[in-house]
Amino acid sequence: RALSSAIPEAPSLPACDIQPQQYKAGEYKEHLSARQRHLPPRALTYYRQPLLLHQGHMQWVWDHRQRRYLDFYSGVATVSVGHCHPRVTEAAREQLGRLCHTTNIYLHPGIGDYTQRLCATLPSPLQ
């Protein structure tokens, strides 16, 4: 019995008002080959033919062929805010315009402000 007859048709995705930019960063096979040549085997993709993602917005990602997917597998930050959340993107852009990185051997007001606001949300034994 053919496996394809047992797989139901995928439901259609809800409407989305974002139009992804056109993909212009090279061929799929070039990226796959470069990854296999230059990254260690432990940096695996889990798939024989991994998606070549090129843009994201909130819960959506688009591949190099402009196909849209609902991202159920997102990373650490995208789980809570999505891809390219406008408020997060603007805050990052603003901070990157001032100071990209500093080591913890120096003071920076951002970490103190952040931890103070975070701790204020916690019950008193954790503050």
Side-chain angles (χ1 to χ4, degrees):
R1 188 168 82 164
L3 179 61
S4 62
S5 65
I7 299 173
E9 188 174 320
S12 60
L13 295 173
C16 176
D17 60 353
I18 299 297
Q19 188 69 345
Q21 297 171 3
Q22 185 173 349
Y23 175 76
K24 299 177 181 177
E27 295 294 321
Y28 179 91
K29 287 181 181 180
E30 293 172 17
H31 292 292
L32 186 59
S33 176
R35 183 181 181 109
Q36 291 167 342
R37 283 192 323 271
H38 302 297
L39 288 165
R42 295 189 65 154
L44 52 93
T45 61
Y46 298 105
Y47 307 105
R48 286 186 199 126
Q49 295 181 315
L51 294 176
L52 174 52
L53 299 179
H54 107 94
Q55 190 170 343
H57 180 77
M58 305 302 281
Q59 72 273 28
W60 305 111
V61 290
W62 287 265
D63 71 6
H64 67 295
R65 294 181 179 151
Q66 305 286 72
R67 289 183 296 199
R68 180 170 53 117
Y69 300 86
L70 179 58
D71 186 2
F72 282 111
Y73 197 67
S74 56
V76 175
T78 56
V79 166
S80 60
V81 297
H83 296 276
C84 305
H85 188 288
R87 287 176 50 196
V88 174
T89 300
E90 183 54 36
R93 183 179 289 120
E94 184 181 315
Q95 179 59 48
L96 289 169
R98 275 194 315 261
L99 183 65
C100 276
H101 171 76
T102 185
T103 175
N104 61 359
I105 65 172
Y106 303 115
L107 292 176
H108 184 274
I111 193 71
D113 293 345
Y114 169 73
T115 54
Q116 185 176 10
R117 286 184 292 154
L118 177 64
C119 288
T121 68
L122 301 173
S124 58
L126 298 175
Q127 289 182 357

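Numbering starts at 1 and runs along the sequence shown.
Here the straight-line distance linking atom OH of Y23 with atom CG of L53 works out to 10.5 Å at 0.5 Å rounding. Separation of atoms NZ (K29) and CG (L52) is listed at 13.5 Å; rounding is to 0.5 Å. Residue Q36 holds its CD atom at 4.0 Å from CG of L32, rounded to the nearest 0.5 Å. Residue H64 holds its NE2 atom at 7.5 Å from CD of E27, rounded to the nearest 0.5 Å. Here the CH2 atom belonging to W62 is positioned 15.0 Å from the CD atom belonging to Q22, to the nearest 0.5 angstrom.
Sparse packing is recorded around CG of L107, with 12 or fewer heavy atoms of other residues, nucleotides or ligands lying under 6.0 Å away. Around CZ of R37, the count of heavy atoms belonging to other residues, nucleotides or ligands within 6.0 Å exceeds 12. Counting heavy-atom neighbours within 6.0 Å of R87 CZ, excluding the residue itself, gives a total of 12 or less.
D63 and H54 share no side-chain donor-acceptor pair at under 3.5 Å.
The two residues G56 and C84 come nearest to each other via the heavy atoms O-SG, 3.2 Å. Across all non-hydrogen atoms, the minimal contact from P20 to I18 is CD-O, 3.7 Å. Contact between T121 and L118 at its shortest, heavy atoms only, is OG1-O, 2.6 Å.
Not a single donor-acceptor pair under 3.5 Å links the side chain of Q55 to the backbone N or O of V61. Judged purely by atom type and a 3.5 angstrom limit, H57 has no side-chain atom pairing as donor or acceptor with the backbone of G82.
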Point to revise | Test log, rule side chain to side chain contact (heavy atoms under 4.5 Å, CB included), inputs Q59 and L70 | key: CA-CA 6 Å; Q59 72 273 28; L70 179 58; 3.3 Å; yes
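Side-chain atoms of R68 and C16, non-hydrogen and from C-beta on, do get closer than 4.5 Å to each other. Residues M58 and H85 are in side-chain contact: their nearest non-hydrogen atoms beyond the backbone lie under 4.5 Å apart. P86 is not listed as a side-chain neighbour of T89, based on a closest heavy-atom distance of 4.5 Å or more. Contact of the Y28 side chain with the Q49 side chain is registered, since non-hydrogen atoms from C-beta on lie closer than 4.5 Å. Side chains of Y69 and L51 form a contact here, defined as non-hydrogen atoms less than 4.5 Å apart.
Think of L99 as one node in a network of Ile, Leu, Val, Met, Phe, Trp and Tyr side chains linked at under 4.5 Å; it has no links at all.
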